[in-house]
Amino acid sequence: MPISYGQEALKVQAVCARSYAFNQLVASRYRAYGAHVDDSVNSQVYNNVAENEASILAVKDTYGLVAAYSGSVITAYYFSTSCGHTASYEEVWESASPIAYLTGCLQNPEKEEVDFSVEKEFRKFILDADADTFETSFQWYRWEVLMPVEQFSAQLCAATGLDTVTSAKVTKRGKSGIVLELTVEGTKESNGKAVPAVGTVSYQTAVRTALAPKKTAVVRRDGSETANMSLLPSAFFVLDEVKEDGKTIAWKLRGGGYGHGTGMSQNGVKAMVEEGYKY
C-alpha cells in the first residue's frame, strides 16, 4: 500500500497484513525452510521495501488489531485493483470451498447484486470504461490487449496440449464475471493425422498464465502501456477475434482490474478513503 495513500489506507493495510501473517504463522507451511511466508504471489508479495515513519505509525495505531469472523482471524486476501466487482473465494482458486467473508460484490456504496456469469451482462459492464464504482478513475480499471494470432495460438497450444488452435471461447464465468473456464478448439495429432480436439484452461491463475501478454503491450484505461508481463492483469475480460479479409489476424482481450480479485482492493481502499471512509 503506497504511503502516498495516507494513514487511513495504511491502517487498513496494517490490519489486513497482520491478519494474513497471523494465519501464515499458524499454518507454518514453510517450516522446512525456517520461514512463515515467501516473497512471491504465494504470500501476497513481500517486496522487501524498507519501513518508514508512515508505515511504522500505521502499525502502532492498529497495534494488536486483526480482522475476525466467527471468532477466528480471517485470511485477509488483498490485491491491487478491481474491475468494479470482486470475486468470491471459490471463483478464484480451483477446489476452494466458499468462505463467507470472501464473497464478491459490486464495488460501490450500494453493493447492488448483479449476475455477471451471464456473458452479455458482463460484456456490457466490462466494456464501460466509466462504470460507476470506487475505482473508475484508476489506470488498471480497464485495459486491452491485442495479441497476434500466432502468439495467441502458440500460448494456448502450450497450455492445452493441442497442436493447433482454431477457436477459443469463454465457456464459464463466476457470478463476479471472472473467467472460470476457457474452451479451446483445434487439432491434435493421432496416428499421424491431425484430428479435431478440444482443450480447456480453468481458473484465474492458469488462464492468466496461458494468455500472458509476454510480447504484447497492455494498454491501460489512460492510454499508457506496459509490456513483458508474465500474467494477464486479471481474469476479468472478454475475448474477441479480429479479422481481416475473412481471416483471423489477432485476438482482442478487453478486461479490467489487476490481481486475483478476491478480498480487498488496495486502490478501492484509496478511493474509499478519499470519499471519507475510515479504516
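Not measured: the values here are computed from a predicted model. Position 1 is the first residue of the sequence, and the numbers go up from there.
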* Asked: Hey, are Gln266 and Thr81 close enough side-chain-wise for a donor-acceptor pair under 3.5 Å?
  -> no
* Structure fact -> In terms of heavy-atom contacts, Arg142 and Ile126 come closest through NE-O, 2.8 Å
* Do Glu189 and Lys193 pass the salt bridge (Lys or Arg N to Asp or Glu O under 4.0 Å) test, and can you show the C-alpha distance, the side-chain angles, and the key distance before you say yes or no? -> CA-CA 5 Å; Glu189 185 177 325; Lys193 295 182 179 181; over 6 Å; no
* Asked: Within a reach of under 6.0 Å around OH of Tyr69, are more than 12 heavy atoms found that belong to other residues, nucleotides or ligands?
  -> no
* Could you list the residues that satisfy side-chain hydrogen bond (donor to acceptor under 3.5 Å, both in side chains) with Thr164, not counting sequence neighbours? => Thr187
* To do: Mark yes or no: Arg208 above the aromatic ring of Phe236, with NZ or CZ under 6.0 Å from the six-membered ring centre and no more than 45 degrees from the axis.
  => no
* Structure fact -> Between Ala76 and Ser19 the two heavy atoms that sit nearest each other are CB-CB, 4.1 Å
* Using only heavy-atom distances, determine whether the side chains of Thr216 and Gln151 contain a donor-acceptor pair under 3.5 Å. => yes
* Report the residues that fulfil side-chain hydrogen bond (donor to acceptor under 3.5 Å, both in side chains) with Asp115, sequence neighbours left out, ordered by chain and then residue number. => Ser117
* Arg254/Asp240 under salt bridge (Lys or Arg N to Asp or Glu O under 4.0 Å): CA gap, chis, key distance, verdict -> CA-CA 9 Å; Arg254 289 175 287 180; Asp240 295 290; 2.9 Å; yes
* Asked: Just by modelled atom types, is the Tyr78 backbone N or O under 3.5 Å from a matching donor or acceptor in the His260 side chain?
  -> yes
* To do: Quick one: do Trp93 and Tyr77 satisfy ring pair (Phe, Tyr, Trp, His ring centres under 6.0 Å)? Show the steps, please.
  => CA-CA 12 Å; Trp93 288 287; Tyr77 288 102; 5.1 Å; yes
* To do: Report yes if the side chains of Met147 and Lys252 come closer than 4.5 Å at any heavy-atom pair, otherwise no.
  => no
* **Ring centroid separation Phe116 to His85 under 6.0 Å** => yes
* Identify the heavy atoms of Arg221 and Ala129 that sit nearest to each other, and give their distance. => NE-O, 3.0 Å
* Using only heavy-atom distances, determine whether the side chains of Ser82 and Ser265 contain a donor-acceptor pair under 3.5 Å. => no
* Arg220 and Thr226 side chains, donor-acceptor separation under 3.5 Å -> no
* **Note: Glu8-Lys11 ion pair, threshold 4.0 Å (strictly below)** => yes
* To do: Determine whether Val170 and Glu181 make a side-chain contact, defined as any pair of heavy atoms from C-beta on separated by less than 4.5 Å.
  => no
* **ring pair (Phe, Tyr, Trp, His ring centres under 6.0 Å) pairs, two or more places apart, involving residues 150-180** => Phe152-Trp251
* State whether a side-chain donor-acceptor pair under 3.5 Å links Glu241 with Thr248. => yes
* Indicate whether the side chain of Glu91 and that of Ser176 have a donor and an acceptor atom separated by less than 3.5 Å. => yes
* Asked: Hey, is CG on Asp132 packed in by over 12 heavy atoms from elsewhere, all under 6.0 Å?
  -> no
* To do: Among Lys169, Arg173, Lys124, find the one that has a salt bridge (Lys or Arg N to Asp or Glu O under 4.0 Å) with Glu119.
  => Arg173
* For the residue pair Tyr33 and Asp38, confirm or rule out a side-chain donor-acceptor distance under 3.5 Å. => no
* Nearest heavy-atom pair of Cys157 and Leu162: which atoms, and what distance? -> CB-O, 3.3 Å
* To do: Grab the two heavy atoms, one from Thr133 and one from Thr136, that are nearest each other, plus how far apart they are.
  => O-OG1, 2.8 Å
